[in-house]
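Here's the structure we're looking at; comments come further down.
Letters go in sequence order (proteins before strands), and every chain restarts at 1.
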Amino acid sequence: MSSQENLPALKRRDLFRMIGAVAGGSAMYQAMTGLGFAADSQYAGPIRLDGSPKGAKVIVLGAGWAGLVSALELRNAGYKVELLEYNNRVGGRAWTIRGGDTIAEMGGETQKCGFDAGLYLNPGPWRIPYHHRAYLDYAKRFGVQLEPFIMINYNAYVHSKDYFGGKPQRFREVQADFQGHVAELLAKTARQDKLDQSVTKEDQEMLLDALKSWGALNKDYAYVAGHDSAERRGYAVNKGGGLMPEPVGGQPISLSDLLKSDVWRALTFGQTHQWQSTIFQPVGGMDATPKAIGKTLADITTLNAKVTAIHQDDRGVTVTYVDARTGKDRREVKGDWCICTLPLPILAQMEVQAGPELLAAASAVAYSPAVKTGLQFKRRFWEEDDHIYGGISFTDQPIRQIAYPNFGYNKPGKGVLLGTFSGGPEGFALASLSAADRVKAAVEQGSKLHPQYKAEFETGVSWSWHRSPFTMGCAAAWTDELRARHYRDLAEINGRLVLAGDHVSELVAWQEGAILSALDAVSRLHRRVIAA
Amino acid sequence: MKTIIAAGLVLLSASAGLADEAPVAEGTLHANLAGPSHVAKQDGEGIYNSVCAACHMPNAKGGTGAGHYPALAANDKLAASAYPVTLVMNGSKGMPSFKGMMSDAQIAAVVTYVRTHFGNGYADPVTLEEVKQVRETQ
């Protein structure tokens with residue numbers, strides 16, 4: 001125990017605040033990390049904007065997470081705020097499509113969602129890791145109920161169209177078998193004393209012990225069909241009672257097949273920090289939290305406002321907008337500052353008065369593709385027949401994933417699952433299809449994992465993020481090269497304009513990134529206003 | 001071949017985050033998430049219908065929302081092939097860069113296709129040499 005950890009909690013907080021005020025957020029974060037806090041999130045608790053804004057007015061563009069947080073915190077700090085939003089709703093990509101909703105993609109295709117009541121698709125973000133503390137804090141402050149999002153389901157499938165006769169394998173089998181084979185190989189090497197160079201004799205014995213346990217090896221350090229492996233991969237004939245048949249362990253998949261089929265790649269998924277348990281989803285849909293925040297900002301929010309120009313000079317900012325539904329009713333709104341959270345493809349095409357470095361940055365960063373398709377089925381066959389409750393199956397077909405609903409388990413009746421989550425070149429290929437054809441492709445490919453698909457399918461809805469009128473893409477496709485060249489220019493206050501959003505964060509496409517970016521932008525802007 | 005390999009490396013980092021909320025580190029790229037890193041089709045029409053149509057639409061008429069995707073149909077900006085080749089290679093203002101996802105031959109094929117279809121009558125084919133030059137001026 002260091003002496004610092006014995007400081008009373010209040011005193012510690014004051015210390016952080018003091019460091020933050022004097023040296024800025026990054027110094028505060030370093031100090032906090034040094035004291036054993038904030039180890040994996042840069043969220044330092046609710047923002048405090050002390051000092052009077054002296055009547056300053058801020059125009060906030062975009063009512064997604066970054067815009068909502070900016071407007072909320074600035075208004076709480078005493079600013080006059082006006083919030084403009086293109087859509088007829090707040091939330092941006094944090095959005096939920098339900099039965100009865102009519103959605104329109106660019107190019108003119110509209111879909112009327114036919115899901116039953118209570119069933120939905122989150123076409124954008126759909127999960128919140130436990131370490132996204134800013135999100136969790138806002139959800140708590142606004143009374144939004146969360147439930148677990150199942151990331152890894154050991155009974156879900158891993159599917160390769162060209163291996164195992166196209167038959168999907170259970171995640172638990174792939175996981176246990178890959179681990180078992182690797183443990184066996186390493187144990188063999190260790191027992192042949194081939195690890196002498198890197199492992200001491202004493203450690204070698206402990207390593208063998210560990211490998212036996214970790215890899216579910218038998219007494220001879222082999223990974224084979226039988227009790228040991230079956231306790232991990234599951235039994236071919238399960239355990240029963242009374243005079244039921246004795247349990248039988250199944251035959252492990254060979255290491256060669258695991259490697260060639262690529263199915264092992266699914267294993268590292270849930271081990272990645274952003275996807276490690278515990279993960280949450282809001283009960284009833286991802287739009288719950290932005291809606292709750294947006295409700296408190298209704299009096300300063302203008303929906304259906306399509307921004308067409310941002311002008312600024314020494315005295316202030318002028319934002320021009322039209323009615324997004326008609327393209328008419330041109331209006332101007334004036335303020336002292338502007339926080340712009342508009343997606344870069346849209347900002348880059350707009351008439352914007354800002355430094356050339358900011359405009360170059362906005363032009364350079366395009367957005368990645370993503371397609372999500374939700375499918376409603378007459379019954380929850382994945383639970384009833386396949387015993388998969390929540391979680392995700394993986395396939396090497398273009399749909400890439402099938403994600404099962406993480407609520408309403410074991411109930412009779414209908415269910416909606418995510419039948420496609422695709423990006424990269426395959427995402428472009430799916431995105432090039434009509435929504436109706438994307439739904440068809442999802443049913444066709446999904447039926448390779450679940451033959452019940454075709455008989456049980458009822459209705460589907462698909463969203464291609466590149467055809468999304470309010471984003472023109474899924475999320476900023478930063479590369480290391482682009483970041484080195486443009487990131488700071490995008491983040492710095494440019495005259496009276498400052499950008500915020502997940503694209504101005506290291507957590508691209510995560511709601512947490514948008515929130516942290518907004519809190520940082522608001523803090524910097526406030527310091528400037530106070531100093532003036 | 002060298003260009004193709006180099007392009008592949010570029011794409012590994014560029015595509016790392018494409019299939020999910022967040023970019024994954026280059027070293028932890030999941031094939032089961034991101035899928036292949038290159039456009040599969042090799043012919044101009046096939047590439048158009050599996051990449052370009054996502055935004056410019058199958059009829060090349062583009063689309064409008066908070067911003068817009070320009071129509072490629074009857075577009076006189078296609079007269080000089082250097083312009084579309086540079087855009088496909090580097091991207092700009094919402095248009096992604098495809099230099100990592102497409103080979104020089106694929107870029108030549110798709111630009112040639114667009115310049116000779118959808119009411120565009122620019123018969124001179126885009127040469128591999130021309131595309132290569134644009135790539136090398138990066």
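Around NZ of A:K161, the count of heavy atoms belonging to other residues, nucleotides or ligands within 6.0 Å exceeds 12. In this structure, A:R485 places its CZ atom where only 12 or fewer heavy-atom neighbours from other residues, nucleotides or ligands lie under 6.0 Å away.
Of all heavy-atom pairs spanning B:P36 and A:P425, the tightest one is O-CD, 3.1 Å.
Separating the CD atom in A:Q349 from the CE atom in B:M95 is a distance of 12.0 Å, to the nearest 0.5 Å. Taken from NZ in A:K306 to OG1 in B:T64, the straight-line distance is 6.5 Å, to the nearest 0.5 Å. Between atom CE of residue A:M106 and atom NE2 of residue B:H56 there is a gap of 10.0 Å, rounded to the nearest 0.5 Å.
Within residues 79-94 of chain B, the residues approaching chain A closer than 4.5 Å by heavy atoms are, in numerical order, B:S92, B:K93, B:G94. Within residues 45-55 of chain B, the residues having any heavy atom under 4.5 Å from a heavy atom of chain A are, by residue number, B:N49, B:S50, B:V51, B:A53, B:A54, B:C55.
Of all the listed residues (B:S97, B:G67, B:P96), the one sharing the greatest number of non-hydrogen pairs under 4.5 Å with chain A is B:G67.
Within the 4.5 angstrom heavy-atom criterion, atoms from both the backbone and the side chain of B:H68 approach chain A. Proximity to chain A involves both the backbone and the side chain of B:Y69, based on heavy atoms less than 4.5 angstrom apart.
Although no hydrogens or angles enter the test, the distance criterion places no donor-acceptor pair under 3.5 Å between the side chain of B:K61 and the main chain of A:G107.
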